[in-house]
Each structure stands twice: as C-alpha cells, then as structure tokens.
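Any value given below was found using the heavy atoms of this structure, including those in side chains, with hydrogens, waters and symmetry copies removed. Remember, it's a predicted structure, so these values are computed and weren't measured experimentally.
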Amino acid sequence: MSPSLVRLGGIAALVAAPLGILGDLYHFVMDDRSRVLGDAFFKAHGLLLMAAFLLLIIALPAFLFYRRDILSPLGRIALPLGLIGTTLVLGDIWAETVVVPGIVASQPQLVEEDISGYHLAAGIAAFAIFALGWLLVGITSFRARNFPRPALIVLCIGAVVAFLPLPGVYILLLVGAAWMGWSIVQSKMVQS
C-alpha cells in the first residue's frame, strides 16, 4: 500500500473519532426510543456514526499495511473480518436511523417489540464479526509493534466493548483508532 494511501487512512481515523464519539454520546441522553425516532438529534447521531464507520473502512487497511508490504497471516484474517464487520454495523446503524423510523411511523406498536429469532441471531453475528475483526486488527498491530502499545490496548478493549448492547460502546474503539491514525500522520515514513 502506498505511503499516501496509508496517510489517507490515518487522516480518516482522525476524522472518524470525533464524528463517531459525538454520535455515540447521544446514546447517553436518549431516554425513550419511541419518542426520538423522528427527532433531528436522533437522525444526526445516526449520520455522524455512519460517517465515522465509513471513514474507519478507509482507515482499517492503512492500519494493517502500515510499515509493511504484505499482511501477516493474522492480518489476512483481520482485514476481511474488520471490513465486513464494520460494513455490517454501518448497515445496522443505517437501518436504525433510516428504516426503523419509517416503519414505526406506520406501525407504532413495533417500537416496543424486541427482536428475536433470525433478526436477533443476525444482529449478534454482525456485531461479533465487527468486534472480532477489530480485536484482530489490534492484536496484529500489537505483534507487529507498529503503533504505541497503549493505543492498541485501548483499541482491543474498545473492540470487545463494542460487542455489548450498551450506550457509548464505540468510544474506546474510536479513541484507539484515532491514536493509531495520529501515529501514522506523524510518521516520517508517510510524510509527503
């Protein structure tokens, strides 16, 4: 991967973090889901998270190719899992932000329904792939000694936490990714 593309990935991570953190912080103030689905803040939080995850898709390969020409065997697993998982979670955020409000507007009783069966299994699988992919990105980078250890520890903890259905679960992952992005941007190896 060319140094300019790696640098672009670092910049993407730096931009993703504040957007995603701002979007994810909304989960701490969202009280009643049925009341906020059409709210401008709800839509804005979804758009911010979607933008952040799109930028993470750009950043992820840069993290794995930083300071190397070929991927390690673990990196060959981390790259597709991270990309697929991030895409799946991005799709989930899109569905919650765009599709669900439209469905609930026509059938308000659905807002109180819990998902089950296939929908629950698919959701769990998407977030598991996401968490595992980013955990492997962190482990691969840790083994390669490409980034500051604390950044990778934050990223790995963030990947595990991101699997949980709690508010603010993306914050640590985004902080770790931004830290890695900062390392790339500051590196003399990728300077223009």
- Task: Mind checking side-chain contact (heavy atoms from CB on, under 4.5 Å) for P73 and listing every partner two or more places apart, or none if nothing turns up?
- Result: R76
- About how many Å separate CG of L173 and OG1 of T86, when rounded to the nearest 0.5 Å? 8.0 Å
- Message: Show, in sequence, the C-alpha distance, side-chain angles and deciding distance for I171 and L25, and conclude whether the side chain to side chain contact (heavy atoms under 4.5 Å, CB included) test is met.
- Response: CA-CA 8 Å; I171 293 172; L25 286 174; 3.7 Å; yes
- Interatomic distance, L172 atom CG to C156 atom SG [nearest 0.5 angstrom]: 11.5 Å
- Side-chain contact, heavy-atom cut-off 4.5 Å: Y26 with D39? yes
- With a cutoff of under 4.5 Å between side-chain heavy atoms, which Ile, Leu, Val, Met, Phe, Trp and Tyr residues group with L74? I77, L81, I84, L88, I129, L132, L135, L136, I139, V160
- Item | Residues which pass side chain to side chain donor-acceptor pair (under 3.5 Å) with T87, listed by chain and number, not counting sequence neighbours | none
- Audit row: L5, F65, side chain to side chain contact (heavy atoms under 4.5 Å, CB included) steps and yes/no: CA-CA 10 Å; L5 287 177; F65 281 101; over 6 Å; no
Return all side-chain donor-acceptor pairs below 3.5 angstrom for residues 44-61, not counting sequence neighbours, or 'none' if the list is empty.
unit_1, atom_1, unit_2, atom_2, d
H45, ND1, F42, O, 2.6
H45, NE2, H27, NE2, 3.1

- Note on the structure: Sorted by chain and residue number, the side-chain contact (heavy atoms from CB on, under 4.5 Å) partners of R145 (sequence neighbours excluded) come out as R149
- Item | Side chain proximity check, W179 to L152, heavy atoms < 4.5 angstrom | no
- Query: Can you tell me if S187 and Y66 form a side-chain donor-acceptor pair at under 3.5 Å?
  - Reply: yes
- In short, M180 meets S141 closest at the heavy-atom pair CE-OG, 4.0 Å
- Heavy-atom closest pair (A131 atom, A159 atom, distance to 0.1 Å) is CB-O, 3.2 Å
- Set of residues satisfying side-chain contact (heavy atoms from CB on, under 4.5 Å) with respect to W182, sequence neighbours excluded: L14, Q186
- Message: On a heavy-atom basis, which atom in A13 and which in F63 lie closest, and how many Å separate them?
- Response: CB-CZ, 3.6 Å
- Message: For a quick test of reading the model, state the closest non-hydrogen atom pair linking P80 to G75 and the distance between them.
- Response: CD-O, 4.4 Å
- Identify the two heavy atoms, one from A162 and one from F130, that lie closest to each other, and give their separation to 0.1 Å. CB-CE2, 3.5 Å
- Task: Look at atom OH of Y118 and say whether more than 12 heavy atoms of other residues, nucleotides or ligands are closer to it than 6.0 Å.
- Result: no
- Item | Residue pair F147 / S183: nearest heavy atoms and the distance that separates them | CD2-CB, 3.8 Å
- Could you give the distance from CG (L8) to CD1 (I11), rounded to the nearest 0.5 Å? 6.0 Å
- Message: If you define the side chain from C-beta out and look only at heavy atoms, does anything of P165 sit under 4.5 Å from F127?
- Response: no
